[in-house]
Amino acid sequence: MMDRTAVRLIFLGVFLIIATSASVKKKQNVDIYSFHINSTVTSRYATTVITSRVVNTLNESQEVHFEVKIPKNAFISKFRMTIEGKTYDGVVKEKEAAKQQYTQAVSRGQSAGLVKSVGRTLEDFKTSVTVASLSKVTFELTYEELLKRRLGKYELLINARPMQPVADFKIDVHIHEKPGISFFEVKGDLSTNDLANAIKTTRADKDAWVTFYPTRDQQTTCKGCDENGLNGDLLITYDVERRNPQGEIMVSNGYFVHYFAPTDIPRIPKNVVFIIDRSGSMHGRKIEQTRLALLKILSDLDEDDHFGLITFDSQVEIWKHELLKATKANLEDAKSFVKKIRDRGATDINTALLKGVNMIKQHPREGTASILILLTDGDPTAGETNTETIMSIVRKAIGSKFPLYCLGFGYDVNFDFLTQMSLENNGIARRIYEDSDADLQLQGFYDEVAIPLLSDIQLIYTEVTNLTKTNFNMYFNGSEIVVSGQIMDNSVESFTAEVIAISKDNKVTYQDTVKTKDLSDVPPENKDFMQRLWAYLTVKQLLERQVLLKGQEKEDEKKEALKLSLKYQFVTPLTSLVVTKPQEEEVEVADKPKEGGEPPRPPVAVLPHLMLSVAWPHGSHNIPQMGFAGPGHPSVGAVQPAISLGRYSLATGNPRGGAAHPGVFGSPRGGADRQGIFGDVDFASTPISRHGDHALKTVPLVDMFEKAGRSINLKPGSKVSVPRVNSNRFLLPAVGQPKPLCYDVPLPHKIKLLEDSALEFSMNGESKTSTHGFCQIAFHYQKNHHLIIDTTSIRYSDDQNNVEFLWDQEPTQHNIEGVYLILRNNEIDVTMGNFRVVILLHKKDGNVFLWPDIRQQPKDVGLSGILGKGNISYEEIQGPPLPILKIMDQEVRPSWDRVTDYRFPSTPVVRCWLVPFQTVMEGSISNFTVAQL
Ligand SMILES: *[C@@H]1O[C@H](CO)[C@@H](O)[C@H](O)[C@H]1NC(C)=O
Ligand SMILES: *[C@@H]1O[C@H](CO)[C@@H](O)[C@H](O)[C@H]1NC(C)=O
Ligand SMILES: *[C@@H]1O[C@H](CO)[C@@H](O)[C@H](O)[C@H]1NC(C)=O
């Protein structure tokens, strides 16, 4: 029944999209006349269906896009498109098989597409299809997830962003919980005052319904809404009644699930040791937020808790050598210790962890629960740095006696290492996102483990098989233990469940006998949900265990996870969704993204008609990892089209572009809020820091700077003059130093910014007088790749290709032989081999200029250029009001000045020690100038 020209649309793991025509510009020619989200939650298992109905109102065929965000924890289980009465269903296939199909399609000259990226709580799903004039298409996406209880509640998150006001817009939620709903709340940014009358909630004992039917008008006028309609979340939180301390067991169609979350047990006093990274990279807001969170956490300790504090960089500092009781006096003492935590050197995770382990082991206390919490934002860089060795040492030291929780702060952590190490030690790893609420995230995590109620929990069932995990190290108040399995013999009338655990003072046992024919409460259309729940939980746990296993066992479990993913049609990290659709010359690619090391790449867009002129090299479907494709971003199936075209403008179907994904595509350093970090000291008005620029104006600027630079290298006490020339001021990363350095580069110049001659990479910049930043930046890579960026366009060329983007066009992406270009709003993300630089376009006070931000560069290589300086360390040998710094054996008198950090779109102003160019660059400006960009 398939059209012969039907082309396979495959979803698998590649970051390449063919987002065909400019749907955004033509948006007025596409009418989403209906957009429905229907979420049904039965016994914490949520199934959500998004249905979008679109008509192409144009008098010619065009590409119609479908883009939604789904919770990270969910598995997609169905995707269907209906076009002119025909349905096109997605089929979940093994990733390898899907990849082959994709590769074949590619080798036939059919284009490739992408689709997903991952954010803090949501990930993207995108696709598009060609629709004939005045024809309609229906997209339908289903995803499933088991809601997890955290801090005493479940959260169902629904994101709505149809991209335009929709006449028939509906969100319907139905929650059914057999034990009864004890608490229920609708929040989220769609739940605002001006939309309040669009939201209706209905409650019964065991059921709750939410409808959200905003009018077309409301969709454009509500807070945060505009001509693109709604853009926000509905967050439904609830909890269930817990009348039986032994928990709730439900049975349906041969499967059961056991929810165990007793609340009426006394808390177990805990021994908690916080191991806090204070390495240089924690500098600024991170260390501030950590201090804040710790102060709050200390206040929350109970008096019968014992605690310890360890901070570490390359050295380990201990507050007190043993665990101390959380008395008022001890807490006060600890708080003043915390307030003095400052960022400084490298990262010796191993020694710090061992100190923490010993602290707990040296003072065993009967009837208590011990917990080790490690907070770090980087790789181990001092002491033992081999992660395998650290894991083995730590595993031996802990000996399964208590859990280790690892909190990875920001994107520079080796999150796989933290995950594996915590899983090996009965804990979990959690990511702390660098954001304004990082302190709340830290507290939130602590709150989750703050009240241990049971330890060594074992759940035992008779007459059942294929059980999910049944042994748990700890049970904390507010969480929930979930076990699911299959009932062995459907003819048995009942089975028993037993929970054995250790509570504060004694061993406790809960027992329950359950009838297996207890179907009455599950709606008939939903009777399979329990089996799906079981499959979901089993796959999640099998995938999680992968990091702990090796060899045959690992392969077996992987196979099992794959088998279940295929059977239940879950799009997991092991599978891909393959859809056949009646669309010419197109293949699309997507993946279940995994938490990686760095923010993911945004979608790529390449015009499909370009693909027709493409030579597809066989066996070349691996893009190099390019650094920011962390371990979670497999490099499969990338294609290397040879594109030769002039100007074109592209669309990804995302009119709000990067702005809608601040946490995802934004600066990995979350730099929107770097102001005020160094605001605690301010002696800018002391005499040495301000000087006029008079009398120097007639001197050629470069000469003048050199002279000025020379005169600044001085012995303490001599007079200094730092001319305020028209210059570009750069911030120097002074990792591990209390305050950053900055220096001026005079204008105009053509200057070498970054060069690695061995890797044949260079980046040069040209500046003009009276304008900040650069008017042009050029990249050269491996002789034949050239990229010239000015304030209107971005031009790339190599032996075969010429590509041009315009700054004001739609976001797009281009990939060729290790060169990766991503154009977003006012920034172009350039990857060449192991280098990754983002060039920002700033428009400020009538000036338009470029500014580079180096996001990644190879380590241990000979870099040169003014941005190629490694970390510069200095010593403050005399403080204010006449400070003197010792930098690389030179003594200089800096001024406490300001630098605008143009590496961030928000251009924060940062305080810095302004030092002479010569001092930090060990050469004069003429050593860095180039004749030609
Ligand atoms: C939502 O989905 C459920 C389950 O498929 C169905 O019974 C219900 O009618 C749907 N609700 C709406 C409003 O479409
Ligand atoms: C569509 O309509 C425009 C003007 O309304 C006309 O110029 C164009 O030729 C039409 N295209 C087709 C394919 O009919
Ligand atoms: C556990 O949490 C419940 C509320 O969810 C609360 O009523 C109870 O007191 C808590 N138990 C302890 C020991 O704090």
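In listed order, ligands and their atoms are each counted from 1. Please read these numbers as outputs of a predicted model, since none were measured by experiment.
- With sequence neighbours excluded, no residue satisfies side-chain hydrogen bond (donor to acceptor under 3.5 Å, both in side chains) with Ser479.
- Scanning for side-chain hydrogen bond (donor to acceptor under 3.5 Å, both in side chains) contacts around Arg44 gives Tyr154, Glu177, Glu248, Glu480, with sequence neighbours left out.
- Taking the side chain as every heavy atom from C-beta outward, Leu146 and Leu537 approach each other to under 4.5 Å.
- A cation-pi contact, defined as under 6.0 Å to the ring centre and within 45° of the axis, is absent between Lys325 and Phe307.
- For a heavy-atom separation below 4.0 Å, the residues in contact with ligand 3 are Thr263, Ile265, Arg267, Ile451, Leu453, Asn477.
- Taking Glu332 as the reference, Lys335 meet the side chain to side chain contact (heavy atoms under 4.5 Å, CB included) condition, with sequence neighbours excluded.
- Using a 4.0 Å cut-off between charged nitrogen and carboxylate oxygen, Asp302 and Arg267 count as a salt-bridge pair.
- In terms of polar-atom proximity, defined here as any N/O pair under 3.5 Å, Asn38 does make such a contact with ligand 1.
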